[in-house]
**Q** 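The structure under discussion is supplied below as C-alpha cells; questions concerning it will follow.
If you read the sequence from its start, that first residue is 1, and numbering goes on from there.
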Amino acid sequence: TFQLFRNKFEQRFLIMFPYLEAFAAFALASYLFETYLDKRQFSKLKVKTLPKELNFINQEKFIKSQDYGKAKKIYGIIHSTFELIHSFVLLYLGAMPALWNATSSWVAKIGLDPSSEIYRAIMFVVISGLYSWLIDLPFTIYHTFVLEEKFGFNKTTWRIMVTDTLKSFGVSFALGVPILALVLKVIEWGGDHFWFYLWILTIAISLIGVTIYPIFIAPLFNKYSEMEEGETKTAIYELAKRNEFPLTKLYVVDGSSRSTHSNAYFYGFFKNKRIVIYDTLLKQVEKEELVGILGHELGHWRMNHTTFNLFIGFTYYLVFFYIFGSTLGTRDIQRSFGFSDNTAFIGLMLFSYVYSPVEHVFGFVMNMISRAFEFQADDFAVKQNYGEPLRTALVKIHEENLSNVIVDEMYAAYHYSHPTLLERLKNIDRQLKRTN
C-alpha cells in the first residue's frame, strides 16, 4: 500500500511540476539578487577618496576608474533588465515551440527532409541565433562605440566589427552544425547509455577545441607575430628554462587593433607550450614586471591548475549528462514549456534551462577555487623573486584598464574569479616578508 501511494505521488508530482514557472522564478530571483549586488557595488563606485592602503594609486586614474565602473554598471543593469523582460515575453508567447513547429515547413522549402530532427535542430539554432544577435546588436554597438569609446578603450572600427561578425558566423556554422548533428546522432545511437558516450564526445571536442582555437581560429581575428629578439624575449625564455616550462613559441598579438585592454596567457599540451602577450601589455609594463606576470602564469602550470579545472569541468558534464539521460524519456519538461514533440534536441535544450540553478552554484564554487589558485600563482611568482615587479605590474594594469579597486565583499565573492587588487597586494606583501 505504501509503495503504491509512493508511486502515485511521484507520478503526480513529476507530471504536475511546473518546470517553466520554476525556471522563470529562478531567473527572476537571480536577477533580483544580482541587481542587489550591483546596487551594493554601485555605492562603492561613488567613493571619491582612496583608502590608505591604496594611496599609491594615481588619484586621477582612480576617479576615472570609478566613473568607468559606474557607466558599466548602469549599462549592465539596463541590459540584464531588458534580457529578463524579453525572455519572459518569449516564454509567455510560446515563441520557442512556435519556432520549432515552423522549422518543419522551412526545412521542406529548401528541399530537405522535414521529419529529420537534425535538419530541424540546425534550422532552429540558426534562426534563434540570428534573432538573438539582432536583438543584442544595439547593446553591442553602444558598449563598443559609446561606452568603451568614451573612456578611451575602443579601437574597433565599423569595418572590423562587420568583418569579425561575419567571421564569427562562418566559424560558428562550420563547427556548430557538425557538432550538433554528431551530438544528436550519439543520443540516437547510444541507447540507454548515450549519456556516457555524449560525455566522452564532449571531452574530445573540448580538447580538440583547445588545441585548434589558438592555431586556426584566433588568427582569423587577430595578427599573431613571434616576439622580436631582445632582452624581454631572452628574460622570458630564461624564466621558462629555469622552471622547465616547455616553451616553444612566444607570440605578440595585436590586441590594440580592437581595444587598449591588456592580457597574457599560455596554451598547449605536453611539451608544446606557447605564450601569447597582448601588445597593449608590452606598452603598460616594464620588462621585469612582464616577466613577473608570466611567472604568475607559470605558477598556474606548475601547480596543475589548468588540469584541475579540466577535471572538475569534465566531472560536472558527467553529472549533467547522467541526469539528462534520466529525464530524456519523460515528456514533462517539454510539455511544461509548450512543446508537443519529445525530441532529444528539445529535451537537451530545456534541460539546460531547468539545470541553471546547479550551474549557478557550480559557477560560484569555481570562482572560489579560482581565487585561491590566483593567490597560489602569486606566491609562486614571489618565490621566483618577482614579488615586487608583480606588485607594481598589478597596480599599473589596474590603473591602465580602469579596473575597480574598491569592491564590495559580497559582489566580489559572487562575481570575481580573481581576488581584488588590495587582497592580492596584501598577500604578496605577506609572502615577501616571509621570503625576506
Side-chain angles (χ1 to χ4, degrees), residues 22-51 53-54 57 61-91 132-133 135-154 259-261 263 352-353 355-372 374 394 397-424:
F23 167 73
F26 179 77
L28 179 59
S30 297
Y31 166 80
L32 293 175
F33 177 67
E34 290 175 5
T35 303
Y36 165 71
L37 294 179
D38 288 339
K39 183 180 178 182
R40 289 177 61 99
Q41 177 59 19
F42 199 84
S43 65
K44 297 291 185 180
L45 296 171
K46 293 179 180 179
V47 176
K48 298 295 184 182
T49 305
L50 278 163
E53 301 95 328
L54 296 171
I57 291 179
K61 290 278 189 180
F62 168 68
I63 295 298
K64 191 175 182 181
S65 71
Q66 293 290 83
D67 293 338
Y68 180 52
K70 285 185 285 188
K72 288 197 301 180
K73 194 56 58 191
I74 293 171
Y75 164 82
I77 291 174
I78 294 174
H79 192 195
S80 62
T81 302
F82 172 81
E83 286 184 326
L84 181 75
I85 295 173
H86 177 247
S87 62
F88 278 7
V89 169
L90 293 182
L91 286 174
S132 298
W133 169 80
I135 286 295
D136 202 54
L137 184 58
F139 291 98
T140 302
I141 292 173
Y142 177 85
H143 182 269
T144 302
F145 295 105
V146 178
L147 198 158
E148 293 290 290
E149 185 78 31
K150 178 181 178 181
F151 290 92
F153 289 119
N154 178 50
S259 172
T260 59
H261 290 298
N263 195 13
S352 67
Y353 290 169
Y355 200 72
S356 55
V358 178
E359 290 182 354
H360 273 69
V361 174
F362 179 74
F364 176 75
V365 173
M366 288 306 296
N367 276 346
M368 292 176 59
I369 294 173
S370 176
R371 290 195 295 270
E374 292 302 317
L394 290 173
I397 292 172
H398 274 73
E399 286 183 338
E400 295 300 322
N401 289 279
L402 299 182
S403 303
N404 299 145
V405 295
I406 302 179
V407 186
D408 177 75
E409 291 184 2
M410 284 185 63
Y411 182 88
Y414 183 81
H415 286 291
Y416 278 25
S417 61
H418 286 56
T420 64
L421 174 62
L422 185 57
E423 289 173 333
R424 293 184 72 176

**Q** Give me the atom names and distance for the closest heavy-atom approach of Val407 to Ala412.
**A** CG1-CB, 3.7 Å

**Q** Quick one: pull up CG in Asn401 and CD1 in Ile397 and give me the separation to the nearest 0.5 Å.
**A** 7.0 Å

**Q** Between the side chain of Glu374 and the main-chain N/O of Pro419, is any donor-acceptor distance below 3.5 Å?
**A** no

**Q** Within a strict 4.5 Å, meaning less than it, do heavy atoms of the Lys48 and Gln66 side chains meet?
**A** no

**Q** Going by an N to O cut-off under 4.0 Å, is there a salt bridge joining Asp38 and Lys73?
**A** yes

**Q** Could you pull out all residues at least two apart from Arg424 that satisfy salt bridge (Lys or Arg N to Asp or Glu O under 4.0 Å)?
**A** Asp378

**Q** Does either side chain, that of Tyr68 or that of Ser403, offer a donor lying less than 3.5 Å from an acceptor on the other one?
**A** no

**Q** Looking at OG1 of Thr81 and OH of Tyr31, how far apart are the two atoms once the value is rounded to the nearest 0.5 Å?
**A** 2.5 Å

**Q** Atom CD in Glu423, atom OH in Tyr416: separation rounded to 0.5 Å?
**A** 10.0 Å

**Q** Are a donor atom and an acceptor atom from the side chains of Asn404 and His398 found within less than 3.5 Å of each other?
**A** no

**Q** Does the side chain of Glu83 come under 3.5 Å of the side chain of Ser80 through a donor N or O and an acceptor N or O?
**A** no

**Q** Hey, are Asp67 and Lys64 close enough for a salt bridge, meaning a charged N less than 4.0 Å from a carboxylate O?
**A** no

**Q** State the OG1-CZ distance between Thr35 and Phe33, to the nearest 0.5 angstrom.
**A** 10.5 Å

**Q** Would you call Arg40-Glu409 a salt bridge at under 4.0 Å N-O?
**A** no

**Q** Taking the six-membered ring for Trp, are Phe82 and Phe139 parallel (under 30°), tilted (30 to 60°) or perpendicular (over 60°)?
**A** tilted

**Q** Counting distance only, does the side-chain N/O of Ser370 pair as donor-acceptor with the main-chain N or O of Ser417 below 3.5 Å?
**A** yes

**Q** Cut-off 3.5 Å, side chains only: do Asn154 and Glu148 have a donor facing an acceptor?
**A** no

**Q** Please list every donor-acceptor pair under 3.5 Å in which a side-chain atom of residues 355-367 meets a protein atom from a residue at least two apart or in another chain.
**A**
{"from": "Ser356", "atom 1": "OG", "to": "Tyr353", "atom 2": "O", "distance (Å)": "2.7"}
{"from": "His360", "atom 1": "ND1", "to": "Ser356", "atom 2": "O", "distance (Å)": "3.1"}
{"from": "Asn367", "atom 1": "ND2", "to": "Tyr414", "atom 2": "O", "distance (Å)": "3.2"}

**Q** Measuring from Ser30:OG to Leu28:CG, what's the distance to the nearest 0.5 Å?
**A** 8.5 Å

**Q** Search all heavy atoms of Ile57 against all heavy atoms of Leu50 and return the closest pair with its distance.
**A** O-CD1, 3.4 Å

**Q** Once rounded to the nearest 0.5 Å, what's the spacing between atom CD1 of Ile406 and atom OG1 of Thr49?
**A** 8.5 Å

